[in-house]
Amino acid sequence: MSCTCSYLYAPAIVETKELKERLVSMKEISSVLDEGKKVDVALIGLGNPYKGSMQKLGYLKDNDLKQLRKIGVVGDIGSRFFDESGVVVSHPLNDKVIALPLEQLKKVKEVIGVVEGTHKVESTKAALKANYLDVIIIDEQTALALLEVK
């Protein structure tokens, strides 16, 4: 088996939809996104927008988090926010994300999700429910929390 790695040198979320459109039309960015559509295996992380790095990095403001919570967001993959069923939510932030859509992720032959932390239990359950993941690499505490019957 051989593989290659490509880097997407772009912010996860930009200020405006127009800026996003300009950036994704650049060859350096569009070529990496096009490559992402053709992969056989994807290694992804799952996020919790309320306890993750997106707020620390300045991508999400307090008002964004309040709105996301109000519409039922429990997690994200590639800055694409989804609800407890794994359905991508309708929110203006989606128009400013530089990443492949989650529907494209479902077309990848094998998606490996990496999860660490019990604060990601809800997002992991939703991602599994939506069939975004084929394999999961997870820490013991989070695995035990996922297995708890409620």
Side-chain angles (χ1 to χ4, degrees), residues 6-26 29-30 32-37 39 41-150:
S6 297
Y7 294 96
L8 180 61
Y9 292 109
I13 303 172
V14 294
E15 292 80 16
T16 66
K17 181 179 178 179
E18 294 76 25
L19 178 56
K20 175 213 168 177
E21 290 170 0
R22 279 193 315 223
L23 289 172
V24 298
S25 70
M26 294 173 58
I29 293 175
S30 64
V32 174
L33 292 173
D34 287 341
E35 283 180 39
K37 294 175 184 175
V39 300
V41 179
L43 179 65
I44 60 144
L46 276 84
N48 174 335
Y50 312 108
K51 295 183 181 177
S53 59
M54 293 186 78
Q55 186 177 20
K56 292 175 192 167
L57 293 171
Y59 287 123
L60 298 175
K61 308 293 183 219
D62 288 340
N63 191 46
D64 296 323
L65 294 171
K66 286 177 190 173
Q67 290 175 4
L68 292 174
R69 193 175 302 279
K70 187 176 181 179
I71 60 175
V73 168
V74 299
D76 75 277
I77 296 172
S79 305
R80 301 286 185 185
F81 302 102
F82 52 84
D83 65 17
E84 67 181 10
S85 297
V87 175
V88 176
V89 297
S90 177
H91 190 277
L93 280 172
N94 291 337
D95 296 331
K96 301 185 282 183
V97 171
I98 299 177
L100 291 177
L102 291 185
E103 284 307 312
Q104 184 69 45
L105 186 65
K106 287 186 174 185
K107 296 176 183 178
V108 175
K109 185 177 177 182
E110 186 172 34
V111 178
I112 303 167
V114 179
V115 181
E116 184 277 324
T118 56
H119 62 286
K120 296 182 180 177
V121 168
E122 278 187 287
S123 57
T124 305
K125 283 182 182 179
L128 291 168
K129 191 181 290 186
N131 294 312
Y132 293 129
L133 308 174
D134 299 300
V135 176
I136 187 168
I137 299 170
I138 192 166
D139 66 281
E140 183 178 5
Q141 293 299 73
T142 307
L144 290 171
L146 272 174
L147 294 172
E148 285 183 9
V149 179
K150 298 199 180 201

Check your understanding: Would you say the side chain of L133 lies within less than 4.5 Å of the side chain of I44, judging by non-hydrogen atoms?
Key -> yes

Review point. When you look at CD of Q67, are more than 12 heavy atoms from neighbouring residues, nucleotides or ligands closer to it than 6.0 Å?
Key: yes

**Study point:** Atom pair NZ/CD of K20 and E15 - distance to nearest 0.5 Å
**Key:** 14.0 Å

Practice item. Please name all residues satisfying side-chain hydrogen bond (donor to acceptor under 3.5 Å, both in side chains) with E18, sequence neighbours left out, ordered by chain then number. Key: none

Practice item. Go through the steps to decide whether H91 and L68 satisfy the test side-chain contact (heavy atoms from CB on, under 4.5 Å), and finish with yes or no. Key: CA-CA 8 Å; H91 190 277; L68 292 174; 4.1 Å; yes

Practice item. Can you measure from CZ (R80) to CD (E103) and round to the nearest 0.5 angstrom? Key: 11.0 Å

Check your understanding: Quick one: CE on M54 to CG on L93, what's the gap to the nearest 0.5 Å?
Key -> 7.5 Å

Practice item. Please assess L33 against L8 for the test side-chain contact (heavy atoms from CB on, under 4.5 Å), listing each intermediate value before the final yes or no. Key: CA-CA 8 Å; L33 292 173; L8 180 61; 4.1 Å; yes

**Study point:** Heavy-atom pair of closest approach, residues G75 and S123
**Key:** CA-CB, 3.5 Å

Practice item. With side-chain contact (heavy atoms from CB on, under 4.5 Å) as the test, would you mind laying out the steps for L102 and Y132 before giving the verdict? Key: CA-CA 8 Å; L102 291 185; Y132 293 129; 3.7 Å; yes

Check your understanding: Does some side-chain heavy atom of Y59 sit less than 4.5 Å from a side-chain heavy atom of S53?
Key -> no

Practice item. Please round to the nearest 0.5 Å and tell me the distance separating atom CG of D62 and atom CD of Q55. Key: 5.5 Å

**Study point:** Pairwise side-chain contact, V135 with E110, heavy-atom cut-off 4.5 Å (strictly under)
**Key:** yes

Revision key, fill the gap. Heavy-atom nearest pair, V97 first then G78, reads CG1-O, 3.7 Å

Check your understanding: Mind checking whether V24 and I98 have side chains closer than 4.5 Å, heavy atoms only?
Key -> yes

Check your understanding: Near K17 NZ, under 6.0 Å, is it more than 12 heavy atoms from other residues, nucleotides or ligands?
Key -> no

Check your understanding: Judged by atom type as modelled, is there a donor-acceptor pair below 3.5 Å linking the side chain of D139 to the main-chain atoms of G117?
Key -> yes

Revision key, fill the gap. The residue among T142, T124, L46 that forms side-chain contact (heavy atoms from CB on, under 4.5 Å) with I136 is T124

Check your understanding: What is the minimum heavy-atom distance between S79 and D76, and which atoms define it?
Key -> N-OD2, 3.3 Å

Practice item. Could you tell me whether D34 and K37 make a salt bridge, using a distance below 4.0 angstrom between a side-chain N and a carboxylate O? Key: yes

**Study point:** pair Y50-L65: side-chain heavy atoms closer than 4.5 Å
**Key:** yes

Practice item. Kindly say whether V89 contributes a backbone atom to a donor-acceptor pair with the side chain of N94 at under 3.5 angstrom? Key: yes

Review point. Considering residues at least two apart in sequence or located in another chain, which fulfil the side-chain hydrogen bond (donor to acceptor under 3.5 Å, both in side chains) criterion with H119?
Key: none

Review point. If you take all heavy atoms of S30 and S25, which pair is closest and at what distance?
Key: OG-O, 4.4 Å

**Study point:** Heavy-atom closest contact (I29 atom, A10 atom, distance)
**Key:** CD1-CB, 3.8 Å

Check your understanding: Can you tell me how far the OG1 atom of T16 sits from the CZ atom of R22, to the nearest 0.5 Å?
Key -> 6.5 Å

Practice item. Using the side-chain contact (heavy atoms from CB on, under 4.5 Å) rule, take Q104 and K107 through it: C-alpha gap first, then chi angles, then the decisive distance, then the call. Key: CA-CA 5 Å; Q104 184 69 45; K107 296 176 183 178; 3.9 Å; yes

Practice item. Side-chain contact test, heavy atoms from C-beta onward, threshold under 4.5 Å: evaluate it for L60 versus F81 and give yes or no. Key: yes

Review point. To the nearest 0.5 Å, how far apart are CG in L146 and CD1 in I138?
Key: 4.5 Å

